Amino acid sequence: MAEKQTEEKKAVLPAKSNFSEWYNELLLMGEIMDVRYPVKGLYVWFPFGFDVRKRTYAIIRELLDKDHKEALFPLLIPENEFMKEAEHIKGFENEVYWVTHGGKNELDVKLALRPTSETAIYPMYKVWVRSHADLPIKIYQIVNTFRYETKHTRPLIRLREITSFKEAHTVHATWDDAAKQVKEATRIYQEFYWRLAIPTIVSKRPEWDKFPGADYTMAVDTLMPDNKTLQIGTAHHLGSNFAKTFDIKYEDINGEQVYAQQTCYGISERSIAALISIHGDDRGLVFPPEVAPIQVVVIPILFGKSDEITKACRDVANSLEEKGLRVTLDESDERPGAKYYKWEMKGVPLRIEIGPRDLKNNAATIVRRDSGSKETAPLDNIVEEVKRRFEDIRDSLFNKAESSLKERIFDCNTLEEVKNKIPDGIARVPWCGESSCGLSMEEAVGAGILGIPEGELGRGAGSCPICKKETGNIAIMAKTY
Ligand code: A5A
Ligand code: ZN
């Protein structure tokens, strides 16, 4: 008895205001990730979580497939290739896992488990790129990568095996073409995150925080419930830095050999961490319909004899399924309350209930997971009624998340103000752009400069808090994951 009680007690989701505990418990109760795998930083996708992943990655595939090609490169990178680009090595040398043995034999050439795939892909690009007519090349792959992270590891957020690393690698004739591609990459990511109803901020990372070997890095960030930002995508202009070390040249129209210009950009399962964290609530998961493994649950509300209600529920479930919707009909013996609880935890966007009174009116009750609102809808038109609400749910989730983001961005003029506001979200503060000032600012407030955001958010007027120079550039600062 005592044991049963503690077990029941364990199955209560902590309040979301207690974010860290809420997140960990939700991953288990919502059956997203099992964190009990016996290697630090490695986690297991439950089938339900993997279903969410599959639908999320179908969106990024759809967006990229318009003008990229998907390919697949090896996991193992020979040491000599890995060691070619000096900046890149410096950036990753403390994070690489090495394969040193094959069985009992020591390998002649050590093999790195890719922490990212520049050094696996670019030796092939050297062979593939011949003429200007071959360009641009736009290839992506979705693979696992390994990083021996030393910061605190967390499921979906900071992994040692990143299981869902989507990396694109493009080759262009000119620096400007590559710069355009970097812009296009952040545009694609914003569209992807819009589909997930996640608001983002795009900014140029400061010099000291750019990707190892890049000319510059653009980053896509979002703000998590605990007021820390999460970097959920990056796009890097690589210039000709890698082209020079990997000897990637093309013949231009005048017959001259020219170094190619490159970009790369990536996202990971952090996208799913953001999805779950931003939309979820005290009752569990909340999904936009597009990525919800189950989109509608139909629940009969039975009082005594119930053949008609059962039939009406089956008809509704069938007609929705015929239209390609993902439906569960819950005819189990549990009480309706227990069923609500169960499907709310799983983030099912719509619940359809049919009880005696609904049936008398030839109607159903539709309950939205995101808002809890209850509405009556005619049974004759149930497919349209459901589809209309799907669009609306995504829009409301996005608007709600965007308001929550905007409410947590604060205009500051002094570092004192920045320091006071950081615990509540993102601070905007004038910055001259000099690295020395930026580093002093970070040190003074104990938080990072994400960069100067694109658009209005990054513009204003004021003076740099360190050197006092007047500037129109506004940097954003926050605690980061
Ligand atoms: N080759 C380029 C694309 C690259 O590797 N860029 S990156 O290092 O910035 O990684 C791309 C994205 O992967 C990051 O923006 C971040 O969202 C995610 N990421 C990086 N390290 C991660 C980790 N240890 N766990 C989960 N996601 C990670
Ligand atoms: Zn300054």
Side-chain angles (χ1 to χ4, degrees), residues 33 40-43 60 73 77 85 88 91-92 95-97 114-122 139-170 181-182 185-186 189 192-193 198 200 202-203 205-206 209-214 216-222 224 229-238 242 262-274 415 429-442 444 449-450 452 462-471 473 475 480-481:
M33 305 294 296
K40 181 177 154 69
L42 275 56
Y43 308 96
I60 195 68
F73 290 79
I77 304 170
E85 215 289 335
H88 195 65
F92 282 103
E95 292 184 11
V96 178
Y97 286 90
R114 61 184 164 215
T116 167
S117 302
E118 285 72 16
T119 57
I121 295 177
Y122 300 167
I139 284 177
Y140 75 93
Q141 63 175 1
I142 300 175
V143 294
N144 57 349
T145 59
F146 293 82
R147 295 185 183 184
Y148 183 73
E149 296 276 1
T150 46
K151 271 202 198 171
H152 184 59
T153 53
R154 270 174 220 276
L156 300 175
I157 292 177
R158 179 164 284 104
L159 308 151
R160 286 187 171 173
E161 180 185 4
I162 310 173
T163 67
S164 314
F165 195 66
K166 191 290 300 167
E167 50 180 326
H169 294 266
T170 70
Q181 190 61 34
V182 169
T186 55
Y189 288 167
F192 168 64
Y193 282 115
I198 296 171
T200 53
V202 177
S203 63
R205 282 281 183 267
D209 203 17
K210 65 184 190 185
F211 185 67
Y216 65 87
T217 289
M218 300 299 296
V220 178
D221 293 285
T222 195
M224 295 287 268
T229 58
L230 182 65
Q231 174 183 296
I232 49 177
T234 33
H236 316 287
H237 196 311
L238 302 177
F242 285 87
Q262 293 178 271
T263 84
C264 64
Y265 34 101
I267 58 165
S268 75
E269 54 256 63
R270 279 187 185 182
S271 53
I272 291 165
L415 292 179
V429 61
W431 174 40
C432 67
E434 289 297 329
S435 289
S436 56
C437 291
L439 288 165
S440 303
M441 286 159 69
E442 288 192 340
I449 293 187
L450 300 180
I452 296 168
S463 61
C464 173
I466 303 293
C467 70
K468 310 296 177 205
K469 230 172 30 208
E470 289 295 316
T471 175
N473 290 333
T480 57
Y481 267 93

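Only a predicted model underlies this, so the values are computations on that prediction, with no experimental measurement involved. Note that ligands are numbered from 1 as they come in the structure, with each ligand's atoms numbered from 1 the same way.
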Using every non-hydrogen atom in the two residues, find where [X] and [Y] come nearest and quote the distance to one decimal.
X: S203; Y: D221; result: OG-OD2, 4.2 Å
X: A120; Y: F73; result: O-CD2, 4.0 Å
X: A214; Y: T217; result: CB-OG1, 4.2 Å

Residue from I60, V202, I232 passing side-chain contact (heavy atoms from CB on, under 4.5 Å) with Y189: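 In the set I60, V202, I232, the residue that makes a side-chain contact (heavy atoms from CB on, under 4.5 Å) with Y189 is I60.
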
ring-ring contact (aromatic ring centres under 6.0 Å, His included) against H237, all qualifying residues, sequence neighbours excluded: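 For H237, the residues satisfying ring-ring contact (aromatic ring centres under 6.0 Å, His included) (neighbours in sequence not counted) are W175, Y216.
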
Salt bridge (Lys or Arg N to Asp or Glu O under 4.0 Å) pairs, two or more places apart, involving residues 146-166: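 Pairs touching residues 146-166 that pass the test: E149-R158.
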
Expected output: side-chain H88 to main-chain P212 donor-acceptor under 3.5 Å: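 Flag set: sc H88 to bb P212 pair under 3.5 Å.
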
side-chain contact (heavy atoms from CB on, under 4.5 Å) between T263 and L238, intermediate numbers included: CA-CA 5 Å; T263 84; L238 302 177; 5.6 Å; no

Residue contacts for ligand 1, heavy atom to ligand atom, distance under 4.0 Å: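 Ligand 1 pocket, heavy atoms under 4.0 Å: T116, E118, R147, E149, I157, R158, L159, I162, F165, F211, Q231, I232, G233, T234, H236, C264, Y265, G266, S268, R270.
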
Near the Zn ion (ligand 2) (under 2.8 Å) - protein N, O or S atoms: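 You should have found C432 SG, C437 SG, C464 SG, C467 SG.
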
Residues T163, E269; criterion side-chain contact (heavy atoms from CB on, under 4.5 Å); working and verdict: CA-CA 7 Å; T163 67; E269 54 256 63; 2.7 Å; yes

